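Worksheet: one structure, shown below.
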Amino acid sequence: MNSWTLECSACRHTEPGDALATVCPSCGQPYLVRLAELPASRDVLRDRWDMWRYAALLPLCDGETPVSLGEGATPLLESPELARALGVARLWIKDEGLNPTGSFKARGMSAAVTRAKALGVPGLVVPTAGNAGAALAAYGAAARMPVRVYAPDTTPRGILATIRTLGADLHTVPGHIGDAGAKARAFAAESGYFDVSTLREPYRIEGKKTMGLELAEQLGWRLPSVIVYPTGGGTGMIGMWKGFAELREMGWLDPAAPLPRMVTAQAEGCAPIVRAFAEHADRARPWENPTTHASGLRVPGPLGDRLILRALYESKGAAVAVPETAIREGTARVARTTGIDAAPEGGCAFAVCQVLAARSILSAADEVVVYNTGSGVAYRE
Ligand SMILES: Cc1ncc(COP(=O)(O)O)c(C=O)c1O
């Protein structure tokens, strides 16, 4: 039987697993799920091909059916051509664009809506750079729960159309995701809807960690030497790093093998984590006037800044920002050399690989995995 507690990532305050918790009441920092038991044997893996294959490592009670649309089990595609171009041993792209609603956000929302439904909340609200809103709309529909979404009015039109199609009550707001967040919190307070904002809700991280669990399994229970991840709110980075620590603790990975160096990819127009990393800081100052066409990266003040930076420092990783032209070129290069219709966020991650290679941060021995976090389809005008 899976059981867990919620533990504050900063002050260690804990809440029971069945609490309807947002952030820590003592210090305002995010909770992380602590599973009571970490199974030593891989026999616990379920015989199903979606992220719930890893149900034994997820917050799911015995006999409970997850709210699922077949998220996860995404392809890990090797590109010898891009590896050669970068001068590394091997390069794979983990194509998260093939998830329901076209992004990795499906994983987090499957986990979050499963718990919210079990806890009996009357409805769900989220501020979003776009893809999280589309994912919540889909999982809310699957769970037959009402959903309200606040998104910047600059969100790609294709993503806004998906949110409406899936029946969510969409509100566009001037400004960035931080402005949408203020509206979502006010609405949650007046309506009783549960706010599933990044890291104000503890379960999205758990869904995201399956990106890392799945990668390990796809590589035969080992990990690459470098992971490059386009970082906005940071749930993917934080979730994967948590997942790797759990795999280590369970003994599912070779204890002598180092964990990957984690690399944050951001856009020069909104790079709070890159700036904090360069300053060796443990918190990120909010970015003024954030701009980038990679809308998922337009997060000027991520609540999970400490946890993202901790993953980068602990893994001896890096954080690099690239200009808009490099993001466009990176996206086109991935598309034309691999056939993957990458989102600009994935293009940004590949463009960062080119910078890492030019600065000799990548070497001939490196095995690199680049996350393409979304599908390019929704970004077309
Ligand atoms: C396609 C895409 N990539 C990356 C991100 C950033 O995600 P994270 O919160 O995991 O940093 C987002 C967030 O909206 C996104 O939509």
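Please read these numbers as outputs of a predicted model, since none were measured by experiment. Note that ligands are numbered from 1 as they come in the structure, with each ligand's atoms numbered from 1 the same way. What's counted below: heavy atoms across the whole structure, side chains too, no hydrogens, waters or symmetry copies.
Ring pair Phe104/Tyr229 is perpendicular by interplanar angle, where above 60° counts as perpendicular and below 30° as parallel. The aromatic rings of Tyr150 and His171 sit tilted, their planes meeting at an angle between 30° and 60°.
Under 4.0 angstrom from ligand 1, there are no non-hydrogen atoms of Tyr371. Residue contacts with ligand 1 for Lys105 involve side-chain atoms from C-beta outward but no N, CA, C or O (heavy atoms, distance under 4.0 Å).
When only non-hydrogen protein atoms are considered, atom 7 (O) of ligand 1 lies nearest to Phe104 CZ, 3.3 Å. Closest to atom 4 (C) of ligand 1, if we only count protein heavy atoms, is Thr373 OG1, 3.5 Å. At the shortest separation from atom 16 (O) of ligand 1 among protein heavy atoms lies Asn131 ND2, 2.8 Å.
An N or O contact shorter than 3.5 Å links Gly232 to ligand 1 by distance. Inclusion of Met237 in the set of residues having an N or O under 3.5 Å from an N or O of ligand 1 is not warranted. Residue-to-ligand polar distances keep Thr231 apart from ligand 1: every N/O pair is separated by 3.5 Å or more.
The line from CD of Glu81 to CG of Leu86 is 11.0 Å long, rounded to the nearest 0.5 Å.
More than 12 non-hydrogen atoms from other residues, nucleotides or ligands lie less than 6.0 angstrom from NZ of Lys242. Within a 6.0 Å radius of CZ in Arg144, other residues, nucleotides and ligands contribute 12 heavy atoms or fewer. By the neighbour-count criterion of 12 heavy atoms within 6.0 Å, atom CZ of Arg42 is densely surrounded, having more than that number from other residues, nucleotides or ligands.
Heavy-atom separations between Thr235 and ligand 1 include at least one value shorter than 4.0 Å. In this structure, Ala132 does not count as a contact residue of ligand 1, since none of its heavy atoms falls inside 4.0 Å of the ligand. Using a 4.0 Å cutoff on heavy atoms, Gly234 counts as a contact of ligand 1.
Within ligand 1, the atoms closer than 4.0 Å to a non-hydrogen atom of Tyr379 are 1 (C), numbered from 1 in the order shown. Within ligand 1, counting atoms from 1 as listed, the ones closer than 4.0 Å to a heavy atom of Gly236 are 10 (O).
Residues Ala116 and Phe194 approach most closely at CB-CD2, 4.4 Å, considering heavy atoms. The heavy-atom pair separating Pro302 from Ile273 by the smallest distance is CG-CD1, 4.1 Å.
Here Glu279 pairs with Arg285 in a salt bridge; the nearest charged N to carboxylate O distance falls below 4.0 Å.
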